J.: 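Structure below; questions to follow.
Whatever order the structure lists them in is the order used to number ligands and atoms, beginning at 1. The residues of the chain are indexed from 1 along the displayed sequence. Predicted model, so just to flag it, every value in this text is computed and none were measured.
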Amino acid sequence: MSSPAPVVLVFLDPAYPDGRVADAAKPQLLVTDLGVTRGDGIFETMLAVGGTVRKMQAHLDRLAGSARALDLDIPGQDVWQRAIAAAVARYRAGNPPSDAAADELVVKLVVTRGVEGAPAPTAWVQVAPAGAAGRRQRETGIDVILLDRGYDSDVAERAPWLLLGAKTLSYAVNMAALRHAHKQGADDVIFTSSDGRVLEGPTSTVLLAHVEKSDDGTAVKRLITPQLDSGILPGTSQGALFAAAKAAGWELGYGPLEPRDLLDADAVWLISSVRLLAPVNRIDGKEIGTPAVKKELTAELSGLFAGIQ
Ligand code: PLP
């Protein structure tokens, strides 16, 4: 049996300026922590490559936004930055990378509402190696099924207490959707709204591309994502890639998108911080895009995304 992957754990604790290191192999949370009893909390998942966390500011800003949505008072960004640096350095000191290609760490930030009756949130940073499966799917691509999320695309605005734009700890539904896909032989999911709009993946943002010839014969490349106000999590990867693609001459678009737009696209991807850009091969069994165009666009966008810090 293989041993569990090493994990470094650092709690944010006012008594320790760089965070309090704890043993991830030992119990560390009280059973009355509201993160455990109610899933009441928020998180971020980031990727560190060669010891540097990618898009750290965007993740810290989104964490702050999630905290505002939940009325959670969380530690300041400087406190997070110190704990993150300490956790990544400690992990790399204890587990020197065997090769540069695999030097990818998942850095998770978690904040719960804290222990029942206590005034302070529980907050920690966790560092672990990135799994090989995600890296593989960047190369092989993924098969996806469409699943109804059961909300319409206006609900986020109408019912902010559903916390749809916040990255809350309540991911049981997202994980159930992934298990449902796996049982059907698919790798991932694209959620649709009850009014027929394309939303997001359970842990990723949907992107599609069209390539057209302009009147003067040059190729016009368009990168499109669902409307950000349709009850989806604003992806830090989508935001960063859009900025890089725009600088490289791509046109950008924001939904609304319907499933047929995915089927008509030259390429579709799911993008997220750890798996990065995963090309979609099939949706509900139907082939997506044209292989040669898809390959070229994936290589170009992956190159642009890899350049982002
Ligand atoms: N949408 C959901 C629901 C997610 O959970 C995630 C990331 O986990 C994303 C989108 C992609 O966000 P990011 O690119 O910031 O990783």
Side-chain angles (χ1 to χ4, degrees), residues 39 41-49 53-66 69-70 80 84 104-111 126 128 130-131 133-135 137-138 142 144 146-151 153 155-156 162-181 187-193 197-208 223-245 254-255 257 268-278 280 301-302 304-306 308-309:
I42 54 178
F43 75 106
E44 281 296 321
T45 305
M46 318 189 289
L47 183 70
V49 179
V53 175
R54 285 163 52 87
K55 311 183 262 88
M56 175 137 73
Q57 190 58 49
H59 284 285
L60 290 176
D61 289 346
R62 189 170 62 186
L63 188 75
S66 298
L70 272 76
W80 283 107
I84 291 163
E104 295 190 356
L105 300 176
V106 177
V107 182
K108 203 165 169 182
L109 316 180
V110 185
V111 194
Q126 187 181 312
R135 277 203 299 277
Q137 287 181 340
R138 294 171 199 161
I142 50 179
V144 167
L146 297 175
L147 291 182
D148 182 359
R149 197 162 68 169
Y151 296 133
S153 56
V155 76
L162 292 178
L163 301 173
L164 287 182
K167 198 163 167 66
T168 76
L169 287 177
S170 311
Y171 261 49
V173 167
N174 302 38
M175 296 301 108
L178 282 178
R179 286 195 302 277
H180 187 82
D187 303 297
D188 215 316
V189 170
I190 293 177
F191 283 126
T192 55
S193 63
R197 300 274 164 82
V198 172
L199 295 175
E200 63 186 343
T203 64
S204 58
T205 305
V206 177
L207 300 178
L208 66 83
L223 189 59
I224 307 170
T225 197
Q227 276 170 300
L228 298 180
D229 62 359
S230 56
I232 61 176
L233 188 75
T236 62
S237 309
Q238 173 271 322
L241 181 61
F242 263 42
Y254 297 86
L257 297 174
V268 175
W269 301 270
L270 293 185
I271 190 169
S272 52
S273 295
V274 174
R275 189 173 59 186
L276 307 180
L277 196 66
V280 173
L301 291 177
S302 292
L304 288 173
F305 196 41
I308 288 161
Q309 271 308 324

J.: Which one of K167, Q238, R62 has a non-hydrogen atom at the shortest distance from atom 12 (O) of ligand 1?
T.: R62
J.: Give me the nearest non-hydrogen protein atom to atom 1 (N) of ligand 1 as residue plus atom name, then the distance to 0.1 Å.
T.: E200 OE1, 3.0 Å
J.: Output the list of atoms in ligand 1 that are nearer than 4.0 Å to some heavy atom of Y171, sorted by atom number.
T.: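 Matching atoms, with element in brackets: 2 (C), 3 (C), 4 (C), 5 (O).
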J.: Suppose I only count heavy atoms of G235 and a 4.0 Å limit; which atoms of ligand 1 are within that range?
T.: 12 (O), 14 (O), 15 (O)
J.: Identify, for atom 14 (O) of ligand 1, the protein heavy atom at the shortest distance, and state residue, atom and that distance.
T.: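 Here the closest protein heavy atom is S237 OG, 2.6 Å.
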J.: With a cutoff of 4.0 Å, is G239 in contact with ligand 1, counting heavy atoms of the residue only?
T.: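 No; G239 lies far enough from ligand 1 that no heavy-atom distance drops under 4.0 Å.
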J.: Just one of V107, V110, V106 clears the side chain to side chain contact (heavy atoms under 4.5 Å, CB included) bar with T45, so which one?
T.: V106
J.: Considering the heavy atoms of S204, write down every atom of ligand 1 situated less than 4.0 Å from one of them.
T.: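 Going through ligand 1 atom by atom, the ones under 4.0 Å from S204 are 1 (N), 2 (C), 4 (C), 6 (C), 9 (C), 10 (C), 11 (C).
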J.: Dump the intermediate steps for side-chain contact (heavy atoms from CB on, under 4.5 Å) on L301 and L223, then the final yes or no.
T.: CA-CA 10 Å; L301 291 177; L223 189 59; 3.9 Å; yes
J.: Out of all atoms in ligand 1, which are within 4.0 Å of some heavy atom of T205? Include the element for each.
T.: 10 (C), 11 (C)
J.: Is the shortest heavy-atom distance from the side chain of Q227 to the side chain of S153 under 4.5 Å?
T.: no
J.: Which of the numbered atoms in ligand 1 are below 4.0 angstrom from a heavy atom of G201?
T.: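 Counting atoms of ligand 1 from 1, those under 4.0 Å from G201 are 3 (C).
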J.: Look only at the side chain of R62 and the backbone of P234, and say whether a donor-acceptor pair between them is shorter than 3.5 Å.
T.: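 Flag set: sc R62 to bb P234 pair under 3.5 Å.
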J.: List the residues meeting salt bridge (charged side-chain N to carboxylate O under 4.0 Å, His left out) with R197, not counting sequence neighbours, and say none if there are none.
T.: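 Expected list: none.
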J.: What protein heavy atom lies closest to atom 16 (O) of ligand 1? Include the residue and the distance to one decimal.
T.: S273 OG, 2.7 Å
J.: Which is it for A58 and ligand 1 at heavy atoms under 4.0 Å: side chain, backbone, both or neither?
T.: neither
J.: Give me the residue, atom name and distance of the protein heavy atom closest to atom 15 (O) of ligand 1.
T.: T236 OG1, 2.6 Å
J.: Where is the tightest heavy-atom contact between E200 and I232, given as atom of each residue plus distance?
T.: OE1-CB, 3.5 Å
J.: Salt bridge check, D188 against R275: does any charged N sit closer than 4.0 Å to a carboxylate O?
T.: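 Yes, charged N to carboxylate O under 4.0 Å.
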J.: Using a strict 4.0 Å cut-off to heavy atoms of S272, name the atoms of ligand 1 that fall inside it.
T.: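 Checking each atom against S272, I get 14 (O), 16 (O).
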J.: Verify side-chain contact (heavy atoms from CB on, under 4.5 Å) between T203 and M175, making sure each step is shown before the conclusion.
T.: CA-CA 9 Å; T203 64; M175 296 301 108; 3.8 Å; yes
J.: For the pair F242 and Y254, name the ring-plane relationship: parallel under 30°, tilted 30 to 60°, perpendicular over 60°.
T.: tilted
